[in-house]
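We name chains A, B, ... by the order of the sequence lines, and we start the count at 1 in each one. FYI, side chains are in, hydrogens and waters are out, and symmetry mates aren't considered; it's all heavy atoms of this structure.
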Amino acid sequence: MIAIETTSQAESAPPRPGPQPVESSPARGAIAVRNLDFFYGEHQVLFGNGLDIAPRKVTAIIGPSGCGKSTHIRVYNRIYELYRDQRCTGEVLLDGQNLLAPTVDLIELRRRIGMIFQTPTPFPMSVFDNVAYGLRLHYTMPRSELADRVKTALEDAALWDEVRDKLHHSGIELSGGQQQRLCIARALAVEPEVLLMDEPTSAVDPVGTAKIEELVRRLKERLTIVIVTHNMQQAARISDFTAFFLDGRIVEFGDTTELFTNPVDRKTEDYITGRFG
Amino acid sequence: MSLENTSRRNTGDVLFHGAAVLAAALVLLLIAGIFTDLVRHSWLSITTFGPRFLWSGAWNPVTGEFGAASSLYGTFATTIIALVVAVPLSLLIALFLVEIAHPRLAGPVSGAIEILAAIPSIIYGMWGLFVFAPYLADHVQPALEALFGGIPWAGALFSGPPMGIGILPAGLILALMVLPFTTAVMRDVFGLVPRVLKESAAGMGSTTWEVFRNVMIPYGRKGLVGGIFLGLSRAIGETMAVTFVIGNDHRIAASLFASGNTIASTLANEFTEASDPLYLSALVELGLVLFVVTFLFQVAGHLWLRRLRGGAGGGR
Ligand SMILES: Nc1ncnc2c1ncn2[C@@H]1O[C@H](COP(=O)(O)OP(=O)(O)OP(=O)(O)O)[C@@H](O)[C@H]1O
Ligand SMILES: [Mg+2]
């Protein structure tokens with residue numbers, strides 16, 4: 001169920017110029033999680049999570065199925081609030097600002113923190129309209145600028161060459177891997193500071209996966225990436241930091257190479273060596 | 001297992017295949033039969049009036065002058081009113097049921113809507129005549145007249161004595177009757193939109209309304225069109241309720257308050273009185289016109305769906 005949101009996109013809002021690239025500003029997109037508990041109804045699934053996510057780095061979240069990885073990152077953009085029985089306590093600070101505070105503008109929050117899901121979610125509209133979606137939602141801009149930004153976003157998502165002749169075809173006609181990059185382009189178009197990716201390659205073939213991994217490596221120059229993955233090799237390949245979750249708790253968090261070569265906790269070691277999970 | 005067909009499967013398949021073909025043929029035969037029968041019985045009228053029958057507004061059993069224009073007008077006018085009122089309303093109710101209402105509220109409301117759909121149309125007709133029509137005459141129509149009275153074009157639509165009986169009341173009753181069907185279809189259509197797609201749209205910064213308008217409606221448009229056509233086919237042939245409240249007058253008035261008739265209501269009303277062969281034949285020809293019109297709408301619906309499938313964003 002989608003709850004009614006109090007914040008609205010006022011029709012009468014004055015034209016807002018397009019998003020400003022964040023490249024020039026000092027590193028933004030640092031996330032600090034403090035004491036995060038999460039509940040599905042009465043059922044608690046996250047326990048006192050604390051995490052410091054470095055700006056413009058890739059942080060991987062690993063752990064066995066059902067340990068709360070998705071739940072954890074779904075707090076960052078408050079998407080869990082769509083469901084009335086889900087709630088959490090604690091703090092998540094984005095560059096020092098508590099984004100769980102009731103005063104936070106959800107719409108602007110979701111512009112600044114984009115999300116990619118396990119299954120590609122192209123909207124039932126053309127490739128162009130998919131990428132323009134967030135731009136049209138958040139900004140008012142001339143057509144030519146819109147077209148430019150759509151092109152740039154598709155280039156950033158390494159998809160432009162494959163869809164330049166299909167911009168007005170349905171996004172649903174693309175292959176699974178292309179659809180996922182379309183969703184990335186759509187998220188990138190509004191210049192977010194953080195990109196949350198929940199197992200973004202689990203529904204994508206190996207070639208498509210390689211492309212998305214390459215993309216992630218490139219994108220961290222301009223934004224913070226948090227990626228949930230079941231694939232330990234993938235975490236090792238693309239992330240700078242890794243957090244290991246178990247039963248709703250963060251067991252170990254640190255430099256990816258360190259964590260994979262020299263885990264401190266016995267449970268981490270068991271997991272990465274494949275002894276359980 | 002052998003790749004060869006066992007004889008049992010063979011005979012079974014043949015039997016099943018034969019039965020299916022037979023059933024399909026029977027349906028086609030039935031349609032063709034109804035059509036030829038309608039043509040046969042309206043032949044007198046067809047030969048007497050020719051194509052003029054379609055646009056002649058005359059309906060005079062005494063002089064033997066008949067035309068379908070006023071019935072056609074009434075049929076279209078009431079159907080359009082019904083859809084214009086029912087479709088947006090059912091979209092909103094469906095959205096409410098699927099996305100906004102608490103499950104404990106959505107369940108009973110959903111059930112109530114299904115009950116509305118099951119009420120026989122004669123009940124709607126009686127309620128329309130005895131309860132709804134006086135209410136319209138006393139409250140709604142004067143308000144509409146006050147609202148649109150000064151405006152040149154719209155003013156004419158809402159002028160004349162508010163009797164609570166006529167094209168507008170019939171259209172509104174039809175809207176009420178169509179509403180449960182379109183709402184139920186739309187609710188099911190919206191229920192099929194994947195959760196992750198809605199989350200994704202909300203995750204881009206869309207409000208509930210924007211998720212609905214930009215993603216759920218386009219995603220479900222095929223089903224929505226189906227729902228609208230279901231409502232349309234129900235509205236266009238509805239007889240009892242309309243006969244009660246439309247006034248049964250063969251005329252085309254500018255005002256929606258004026259009484260009128262539809263093909264179905266005319267047939268229901270006048271078949272028993274038609275003594276003269278030409279009169280009877282003209283009534284059958286009206287039925288033929290309704291048959292052809294519904295058929296054309298069905299074809300249009302199919303073409304529209306096919307276009308949606310081929311066009312950008314093929315939904316599902
Ligand atoms: N909508 C929900 N309602 C109730 N419980 C839920 C819901 N979603 C998840 N859970 C429970 O919360 C716990 C954490 O789930 P979550 O989806 O966050 O795990 P995950 O680590 O992402 O697992 P996976 O690797 O399978 O995606 C699980 O025990 C799950 O059963
Ligand atoms: Mg998950």
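- Residues A/L137 and B/S206 share a closest heavy-atom pair of CD2-OG, 3.4 Å.
- Applying the 6.0 Å contact sphere to CZ of B/F295 captures no more than 12 heavy atoms from other residues, nucleotides or ligands.
- A/P122 touches chain B through its backbone: at least one of N, CA, C or O sits under 4.5 Å from a heavy atom, while the side chain does not.
- Annotation: cation-pi geometry not satisfied between B/R195 and A/F117 (NZ/CZ under 6.0 angstrom from ring centroid, within 45° of ring axis).
- Closest heavy-atom contact between B/G203 and A/I79: N-CD1, 3.6 Å.
- Residues B/E199 and A/Y83 form a side-chain contact, since some pair of their non-hydrogen atoms from C-beta on lies under 4.5 Å apart.
- With a threshold of 4.5 angstrom between heavy atoms, A/R74 approaches chain B through side-chain atoms but not through N, CA, C or O.
- In this structure, B/A101 and A/R84 approach most closely via the heavy-atom pair O-NH2, 3.6 Å.
- Residues A/L106 and B/T207 have side chains not in contact (no heavy-atom distance under 4.5 Å, counting atoms from C-beta outward).
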Would you tabulate the side-chain donor-acceptor contacts of residues 177-186 of chain B under 3.5 Å, counting partners in other chains and residues two or more places apart, or write 'none'?
residue: B/T182; atom: OG1; partner: B/S90; partner atom: OG; Å: 3.1
residue: B/T182; atom: OG1; partner: B/V178; partner atom: O; Å: 3.3
residue: B/T182; atom: OG1; partner: B/L179; partner atom: O; Å: 3.1
residue: B/T183; atom: OG1; partner: B/L179; partner atom: O; Å: 2.6

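- Minimum interatomic distance between B/S200 and A/T121 (heavy atoms only, all atoms of both residues): OG-OG1, 2.8 Å.
- Looking at B/M204 and A/R110, their side chains never come closer than 4.5 Å, going by heavy atoms from C-beta outward.
- Of all heavy-atom pairs spanning A/F123 and B/A201, the tightest one is CZ-CA, 3.5 Å.
- Legend: side chain to side chain donor-acceptor pair (under 3.5 Å) pairs involving residues 225-236 of chain B, not counting sequence neighbours: none detected.
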